[in-house]
Asker: 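Below is one structure. I have some questions about it.
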Amino acid sequence: MSAEVLLEVRGLRAAYRGPGGSVLALDGVDLDVRRGEIAVLLGPSGSGKSTLLHLLAGLGGEYTGSIVYRIPDFDPRRDVALVLQSDALLPWKTVEDNVALGLLFRRVPREEIRTRVHAVLAEVGLQGLGRRRPYELSGGQRARVALARALVTLPRLLLLDEPFSALDALTREAMQDFLLRLHAEYGFTALLVTHDIEEAVRLGDRIFLFTPQPGKVAHVWENPGRGKGEGASLAAEIRARLREVMAG
Ligand SMILES: Nc1ncnc2c1ncn2[C@@H]1O[C@H](COP(=O)(O)OP(=O)(O)OP(=O)(O)O)[C@@H](O)[C@H]1O
């Protein structure tokens, strides 16, 4: 894998202002995401993981520090796709129309949209279900639609915010394997947020541990054994470090 840096984040600080005062969500985040890797952001609830992904996706929010995409011709509006925890499917639209959304925003011609949507639905094993509405699908199928909606735009960077957290354990494992297959096939770079240590070890080429609120990177692990069933000792090490971080 190339160690070329796709995304460089330096000294990122972000706060929310509300009637009760200001809440500091991120307190000086430094991290790099390398081209082609799956980077995992592991952190306790409220440590600012979602805030970071929203800023990286350019969805607004004030911050200081820097977010730099270091690849030539990289345009975050075109090249980044975000998959949310809640899957965020529009309930009144069919599966096909949900998957087509990103292409409509990018003003892709209708005939091309049809072709690409059908191809990606076949890719994620949902051929024949395109006319259904999201409420007519299982949790695992909905997660596949959410992935298809992101993949159909051929993102160079895929941001995943706890995409499988609503699934039962077996479906979740199947979706983790599925994501690894898609990653090998499409070659995108991914930054995945989770609070599940086993998921981090199973998916991450590198794992960034976040401190409790306000979030910053407390530790980084390389995970060369990813996908080879060698994650038990790394998971134990991460669990021990997480306990330390939680205890302050
Ligand atoms: N819109 C908002 N207004 C005010 N505070 C917010 C807002 N969104 C998040 N926060 C606060 O900012 C901090 C970081 O929240 P964020 O959702 O980014 O954390 P997270 O690590 O993704 O949490 P979780 O794992 O529970 O999803 C938390 O203390 C949260 O309460």
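Counting convention: from 1, in listed order, for ligands and their atoms alike.
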Asker: Look at atom CD of Glu185 and say whether more than 12 heavy atoms of other residues, nucleotides or ligands are closer to it than 6.0 Å.
Answerer: yes

Asker: Classify the ring geometry between Phe74 and Tyr69 as parallel (under 30°), tilted (30 to 60°) or perpendicular (over 60°).
Answerer: parallel

Asker: So which heavy atom in the protein is nearest atom 8 (N) of ligand 1, and how far is it from that ligand atom?
Answerer: Tyr16 CZ, 3.4 Å

Asker: Closest by any non-hydrogen atom to atom 13 (C) of ligand 1: pick that one out of Pro19, Gly43, Gly46.
Answerer: Gly46

Asker: Using a 4.0 Å heavy-atom cut-off, which part of Gln213 comes near ligand 1: side chain, backbone, both, or neither?
Answerer: side chain

Asker: Short list, please: which atoms of ligand 1 are under 4.0 Å from a heavy atom of Glu162?
Answerer: 25 (O), 27 (O)

Asker: Just which atoms of ligand 1 are under 4.0 Å from any heavy atom in Thr51?
Answerer: 14 (C), 15 (O), 16 (P), 18 (O)

Asker: Among all the protein's non-hydrogen atoms, which is closest to atom 19 (O) of ligand 1, and how far away is it?
Answerer: Gly48 N, 3.1 Å

Asker: Taking 4.0 angstrom as the limit, do Asp205 and Arg34 come out as a salt bridge?
Answerer: no

Asker: Looking at ligand 1, is there an atom of it that comes within less than 4.0 Å of some heavy atom belonging to Pro44?
Answerer: yes

Asker: Considering the options Lys216, Arg10, Glu8, which one meets the side-chain contact (heavy atoms from CB on, under 4.5 Å) requirement together with Asp30?
Answerer: Arg10

Asker: Under 4.0 Å from any heavy atom of Ser47, which atoms of ligand 1 are there?
Answerer: 19 (O), 20 (P), 21 (O)

Asker: Who gets closest to atom 26 (O) of ligand 1 by heavy atom: Pro214, Pro212, Ser45, Ser165?
Answerer: Ser45

Asker: Within the distance-only criterion (no hydrogens, no angle test), does the side chain of Arg13 pair as donor or acceptor with the backbone N or O of Gly28 below 3.5 angstrom?
Answerer: no

Asker: Under 4.0 Å from atom 31 (O) of ligand 1, is there any protein heavy atom?
Answerer: no

Asker: To which protein heavy atom is atom 17 (O) of ligand 1 closest, and what is the distance rounded to 0.1 Å?
Answerer: Ser50 CB, 3.8 Å

Asker: Please state whether Gly18 comes within less than 4.0 angstrom of ligand 1, counting heavy atoms only.
Answerer: no

Asker: Would you mind checking if Arg133 and Glu136 are paired as a salt bridge, meaning a charged N to carboxylate O distance below 4.0 Å?
Answerer: no

Asker: Got a salt bridge between Glu123 and Arg116, using NZ or NE/NH1/NH2 to carboxylate O under 4.0 Å?
Answerer: no

Asker: Quick one: which residue pairs count as a salt bridge (Lys or Arg N to Asp or Glu O under 4.0 Å) with a foot in residues 142-151, not counting sequence neighbours?
Answerer: Asp87-Arg142

Asker: When you measure from atom 25 (O) of ligand 1 to every protein heavy atom, which one gives the shortest distance, and what is it?
Answerer: Lys49 NZ, 2.8 Å

Asker: A quick test of your reading: do over 12 heavy atoms of other residues, nucleotides or ligands sit less than 6.0 Å from OH of Tyr186?
Answerer: yes

